[in-house]
Amino acid sequence: MKKILLLFLIFFNFCLNCFAIEEISLEKEPMKLDYFSDVYYGKIDKDENVSPILKLFSQKGLEFENSKINSVKASFLYDGQLIFNKTSNESPFLVHDFVTVEPMVSLKFNENKSKFMFDYNLTRKLEGYSNGFTERISQIYVSHDITKNQKILIGQGDRLPNSYDGSRGVMGQEFIYKSQLGRTFGEARSVGIRNIAAYKYLDYDIGLYDSTRYMKDFGNGLDFTGYVMLKPFAGLSEAGTNFKIGSGYSIGKNNISYNTYSAFAGYDYKKFHIHAEYANADGYNGIKESANKADGFYTLLSYDITPKLSLLGRYDYFTANTAHKNDYCQEYTAGITYKLFKNLKFMINFVNKNYSNRPDSNMILFATRFII
């Protein structure tokens, strides 16, 4: 009976999430899912007969002529998860969670060189936070393109790049959960000023911030966070273009002083992908802050069976306090990701958590993620 109930809930999760997409309607006509993907990736931008509402959600947005505002673009990000958890000495439990329900709007002006961005996660729940209005703001900033490769950003933008895994967004993650170092040191957003650049051989993201996270409080201190990613073989053959090495560093003071550094190496070639990252902290300031020294690393492998279907595996080791070497956690994760379209995917992960000093646990996670 329990197996039947579990299968029903899994089916219900996918149906519920897909139903949310299929119910979108424009001009009283249902939006087809293949058209849904075309909208986001801009294949309709040259079609003058397309509804203005549909253009609003397209890649370029709704464009204006002879106006100070060049375009307005709306987006919507969704992440729904079904989690089955079983600990060695406890009864299993099942949870359905709407992790991200996030509308976004952006305005471009100054000949598309400047941009205002605002997005808000209606369902964000942060432990230790009041989860009021400001703490649910994901991004609110103004940016300006200095050149085609470089921009300046003022406000609260993407996650701070103190690690590669920690800084990535929902749609860019290979797994449903980030690595332990990614979700412990990373997942941090702060108000500040940052310089972001993308060149052939080099990317970087360097900023000075208030040390508070998600606008919880201001004035406790400053934070410097920077990340540099090298692409040393970008000018060589295709086989060498996707090798990257990077490093991030974060230092500051909030209620405690902290500094965290990370080192990353990754290679992506056709269907095969391998990433590895190490991070070390002498105090850290993520969603939670701690004066403890901690470190961890992960290695992930993935293979694209088809352009839509991928198999993934990750080994993840983390020590929450290096003063207690016998207090660590190892996570073994296996997963399958199916991309129905580029901006709509279904994910299944199995996670085995192996603790050094407490009962082990197993999790099965299902996620539906899309962005329009």
Side-chain angles (χ1 to χ4, degrees), residues 5-25 30-31 33 36-37 39-40 57 74-86 92-106 117-140 156 158-159 165-166 168-179 182-183 186-189 213-216 286-288 333 335-351 361 363-372:
L5 179 59
L6 176 59
L7 290 172
F8 172 77
L9 288 170
I10 292 167
F11 177 77
F12 175 75
N13 176 60
F14 286 147
C15 289
L16 176 65
N17 296 328
C18 292
F19 181 75
I21 302 169
E22 293 173 343
E23 281 295 293
I24 297 173
S25 61
M31 183 186 290
L33 285 179
F36 166 85
S37 193
V39 170
Y40 183 74
F57 283 89
S75 302
F76 182 81
L77 176 65
Y78 174 83
D79 177 16
Q81 298 178 13
L82 183 67
I83 304 166
F84 178 79
N85 198 328
K86 176 66 174 71
F93 62 89
L94 190 65
V95 178
H96 187 280
D97 191 7
F98 296 102
V99 180
T100 303
V101 178
E102 191 162 311
M104 298 170 263
V105 63
S106 62
M117 179 73 181
F118 178 82
D119 71 79
Y120 186 81
N121 188 348
L122 298 168
T123 58
R124 176 173 288 130
K125 299 181 289 290
L126 300 175
E127 185 179 347
Y129 289 70
S130 65
N131 293 303
F133 176 81
T134 56
E135 292 163 354
R136 290 185 173 180
I137 295 174
S138 293
Q139 299 185 94
I140 180 168
Q156 180 168 287
D158 291 329
R159 297 162 180 83
D165 194 45
R168 289 189 299 166
V170 169
M171 296 300 294
Q173 297 172 211
E174 294 91 352
F175 295 90
I176 296 173
Y177 282 177
K178 293 183 178 181
S179 65
R183 60 185 188 254
E187 288 298 314
R189 296 180 190 262
R213 302 310 191 210
Y214 291 91
M215 305 187 196
K216 182 178 180 180
I287 291 178
K288 295 181 180 180
T333 307
I336 299 174
T337 296
Y338 181 74
K339 297 178 182 177
L340 185 59
F341 303 109
K342 291 181 180 179
N343 53 325
L344 169 61
K345 61 183 180 181
F346 303 102
M347 308 170 74
I348 302 174
N349 288 179
F350 171 78
V351 184
S361 67
M363 301 174 65
I364 302 176
L365 303 98
F366 304 86
T368 300
R369 293 176 173 174
F370 69 83
I371 184 169
I372 59 172

Hey, is Lys288 close enough to Glu127 for a salt bridge, meaning N to O under 4.0 Å? yes
Tyr120 vs Phe118 aromatic rings, parallel, tilted or perpendicular, using cut-offs 30° and 60°? parallel
Calculate, to the nearest 0.5 Å, the distance between atoms [atom1] and [atom2] belonging to [X] and [Y] respectively.
{"X": "Ile364", "Y": "Ile348", "atom1": "CD1", "atom2": "CD1", "value": "9.5 Å"}
{"X": "Asp79", "Y": "Ile371", "atom1": "CG", "atom2": "CD1", "value": "11.5 Å"}
{"X": "Leu344", "Y": "Tyr78", "atom1": "CG", "atom2": "OH", "value": "11.0 Å"}
{"X": "Tyr338", "Y": "Lys345", "atom1": "OH", "atom2": "NZ", "value": "14.5 Å"}
{"X": "Arg124", "Y": "Ser138", "atom1": "CZ", "atom2": "OG", "value": "3.5 Å"}
{"X": "Ile336", "Y": "Phe346", "atom1": "CD1", "atom2": "CZ", "value": "14.0 Å"}

Take Ile140 and Met215 through the side-chain contact (heavy atoms from CB on, under 4.5 Å) test and state the conclusion after the steps. CA-CA 11 Å; Ile140 180 168; Met215 305 187 196; 3.5 Å; yes
Flag side-chain contact, heavy atom, 4.5 Å: [X] against [Y]:
{"X": "Thr337", "Y": "Glu174", "answer": "no"}
{"X": "Arg159", "Y": "Arg168", "answer": "no"}
{"X": "Ile287", "Y": "Tyr214", "answer": "yes"}
{"X": "Asn343", "Y": "Phe370", "answer": "no"}
{"X": "Leu122", "Y": "Arg136", "answer": "no"}
{"X": "Val351", "Y": "Leu365", "answer": "yes"}

Looking at [X] and [Y], would you say the former's side chain and the latter's main chain have a donor-acceptor pair under 3.5 Å?
{"X": "Asp119", "Y": "Pro103", "value": "no"}
{"X": "Lys178", "Y": "Arg183", "value": "no"}
{"X": "Thr123", "Y": "Val99", "value": "yes"}

Answer with yes or no whether the side chains of Gln81 and Asp97 bring together a donor and an acceptor at under 3.5 Å. no
When you check the side-chain N and O atoms of Arg369 and Thr100, is any donor under 3.5 Å from an acceptor? no
Restricting to non-hydrogen atoms, name the atom on [X] and the atom on [Y] that form the minimum distance, rounded to 0.1 Å.
{"X": "Gln156", "Y": "Ile137", "answer": "NE2-O, 2.9 Å"}
{"X": "Met171", "Y": "Leu77", "answer": "CG-CD1, 3.8 Å"}
{"X": "Leu126", "Y": "Glu135", "answer": "CD1-O, 4.3 Å"}
{"X": "Arg213", "Y": "Gly286", "answer": "CG-O, 3.3 Å"}
{"X": "Phe175", "Y": "Met347", "answer": "C-CE, 3.5 Å"}
{"X": "Asn349", "Y": "Tyr177", "answer": "OD1-N, 4.4 Å"}

Determine, stepwise, if the pair Phe76 / Val101 fulfils side-chain contact (heavy atoms from CB on, under 4.5 Å). CA-CA 8 Å; Phe76 182 81; Val101 178; 3.6 Å; yes
Considering residues, nucleotides and ligands other than Lys339, do more than 12 of their heavy atoms fall under 6.0 Å from its NZ? no
